[in-house]
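What follows is a short report on a single structure.
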Amino acid sequence: MALPADVIVQILLRERLRVTTLAAAIARDGHVADDIFQQVVLAALENGSHFKGHDHVLPWALRAARHRALDYAKSKQLRPFPDEVLDLLEAPAEGDSPWSDQGEALHHCLNRLTSSARTLLQLKYGEGLTAAAIAARLNRTADAVYQSLSRIHKLLRECVQTRLGLAPTAANAGREGEG
Amino acid sequence: MKSHLASIDELFVRYWDGTLSPEQQDQLADLLASAPAARAQFQLLCHQALAAAELPAWQEPIGSLSAIANQPLVPATPGCPPSPSGWSRRRVLGWVGGGLAAGIAGVAAYRWWGSEAGDPLRLQHVRGTVHLRDSRGRTRSVEKPLPPNATVATIGLESTATLAYPDGTRITLNGDSVILLRGSTRWLHLTQGVVSAVVLPQPLAAAPLVLSTPQVVLPGLSGVALSLGEVARATEVGVHQGVIQAQRPNGDALADFRPGELHVVHADGRHTKEPLPTTPTDYRRDFAEPLPEDWSVGIREWWETDFVVRPEWWPDPYHNFTVMHQIRSDKQWNRGFFTLYPTSEIHVRYWIDRPGAGQLCVCVRTSRTVSSPTGVLEVNDAFVDARSREWQWLKVRAANMLANKEAPRFRDPWVAFLLVFNTYEEDLGLKVAEIRVVGPRPAD
């Protein structure tokens, strides 16, 4: 029996972050990942009669997103990871925190960054500028931009882990407690 | 393992940028293949990038950004409340998840947005000059949810903004476009320009989502992808997915708009339908025929042996309303004028009284009309070396028009939808008689 469209949409919306994260990991562009998710939803609705059950939808969507992202990466001449790595990224990790919890923690942590750090993230991932382009705007070297971005990512990771109670660090634990 | 994890942030940043060496990418792949913790971190980094892509666009002038690299990248002090503007469609979808689709959107959204609940509609991917005004004409922050009766205007060739609903539905304004939220955030009325829409299937209980123009109403949109443009007292609707039961503004049924169709509804009621056109790679335009009704800037006149178009004074909003001498074509978002590849050549036959600074700009999109990014191919100093007072050809390859800050960030093919000649504040006596595009040939 075919799955009703609203059930397919429910499943895909619930798993949206997982699908877009896989697409982003391959395409290296958040906006493209978002586009791919939209395409996958529409394609899923077109192919709804092929789904045999609820459990079929997410694996299908992940694979569809992966193929679309690989097509995009190819068009951009981006070298993809080997299939075995993509298989692992596509599969759920053991002991994963729920994506929703991770998302909420990340939102909290993004709000705690300085405006300059947020701006740098926005230029990189929102505007899609390369580190070299950002460096040219800031009159810095690309390496300095890479280092700054790396530091921001590290701060965010530590903050998220602390928030989720996975690996509290002294530096962030106090702030989180106050927050 | 710890040393691996210590370096994964920088590996990731360089990976995202495409600047890892093959050896470094192999190192990253090995790490991901061998260490579940590294994979979890990599996925969190991707998640961070996705969330960062949704941060509000930076507003500071470029000059002030030089401070960024030297500022400490520490979390804000606990006393600073989290920004209420941080929520985005992607985040909400990720965290509220299927509850929205299941019909509990109101409850969940109220939890997150508080008094802004209802049907929170937000602007995303804001680029260029974008104005948001409320029903009383007051400017509002583009970071806040859009109130009913708000007006959103994107001003300038490169300006875009996406109206994003929590369910993933999005409506994107491109270039000089204005949209009005009529009464609620579920009725969007386009008064100028072009929008593209990807509308996810709507729950039965949801209020109908409506797109309209002065000529046509598209009610109850659900599971459709379309582009909608206002052209010369007419509306063009290109349908890429789904079926739309179009109505006239008085509520009378008009027709079913189906995938692959381009419908034109005129102000006088005429309605035509054709297959969605393929934009040609070769193109020729002279000005023997009158300019189209929605030609934007420039005057057609007889000059010596030909009809030409010459610039007009025009207060350019993209240059702080400085009066400039420009020719600006009509905008052909749906149809496109021509498709460019790097080896395509643009030829312009022109006359100029005296050489000087000037440019040719070709605004382009991708080959899809829905949710397409845009960019500009430019020839700057196009007339610096021109010969005075004689007909001549400007010839340039598309690949040589990419050295500018507005260049497309997407690969070819590029579909041209707007042409601009600009001699800035100087009247150089420019006359344009003919524009040709020669697409790639087998030898290319």
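In what follows, chains are A, B, ... by sequence order, proteins preceding strands, each numbered from 1. Being a predicted model, the structure only gives us computed values, none of them experimental.
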Does any heavy atom of chain A fall under 4.5 Å from the side chain of [X], the backbone, both, or neither of them?
X        : result
B/Gln241 : side chain
B/Asp26  : both
B/Phe12  : side chain
B/Leu200 : side chain

Run the side chain to side chain donor-acceptor pair (under 3.5 Å) check on B/Gln24 and B/Thr19 step by step: do they pass? CA-CA 9 Å; B/Gln24 288 171 321; B/Thr19 54; over 6 Å; no
Centroid-centroid distance, B/Trp414 to B/Tyr341, less than 6.0 Å: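 Ring-ring flag for B/Trp414/B/Tyr341: false, centres at least 6.0 Å apart.
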Examine A/His153 together with B/Phe42 and report whether their ring centres are nearer than 6.0 Å.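 No: the rings miss the under 6.0 Å criterion.
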So which part of A/Asp29 gets closer than 4.5 Å to some heavy atom of chain B, the side chain, the backbone, both or neither?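 When you check distances to chain B, only backbone atoms of A/Asp29 fall under 4.5 Å.
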Is A/Leu86 close to chain B through its backbone or its side chain, or both, or neither, when contacts mean heavy atoms under 4.5 Å?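 Nothing of A/Leu86, per the 4.5 Å heavy-atom cut-off to chain B.
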Between B/Arg409, B/Gln25, B/Lys405, who has the most heavy-atom pairs with chain A when the cutoff is under 4.5 Å?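 Maximum pair count with chain A is reached by B/Gln25.
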Are any of the side-chain nitrogens in A/Arg16 or B/Asp167 under 4.0 Å away from the carboxylate oxygens of its partner?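 No.
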Does this structure show an ion pair linking B/Asp17 with A/Lys124, if we count only N-O contacts that are shorter than 4.0 Å?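 A salt bridge is present here (some side-chain N lies under 4.0 Å from a carboxylate O).
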Side-chain contact test, heavy atoms from C-beta onward, threshold under 4.5 Å: evaluate it for A/Thr21 versus B/Leu50 and give yes or no.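 With C-beta onward as the side chain, the pair touches.
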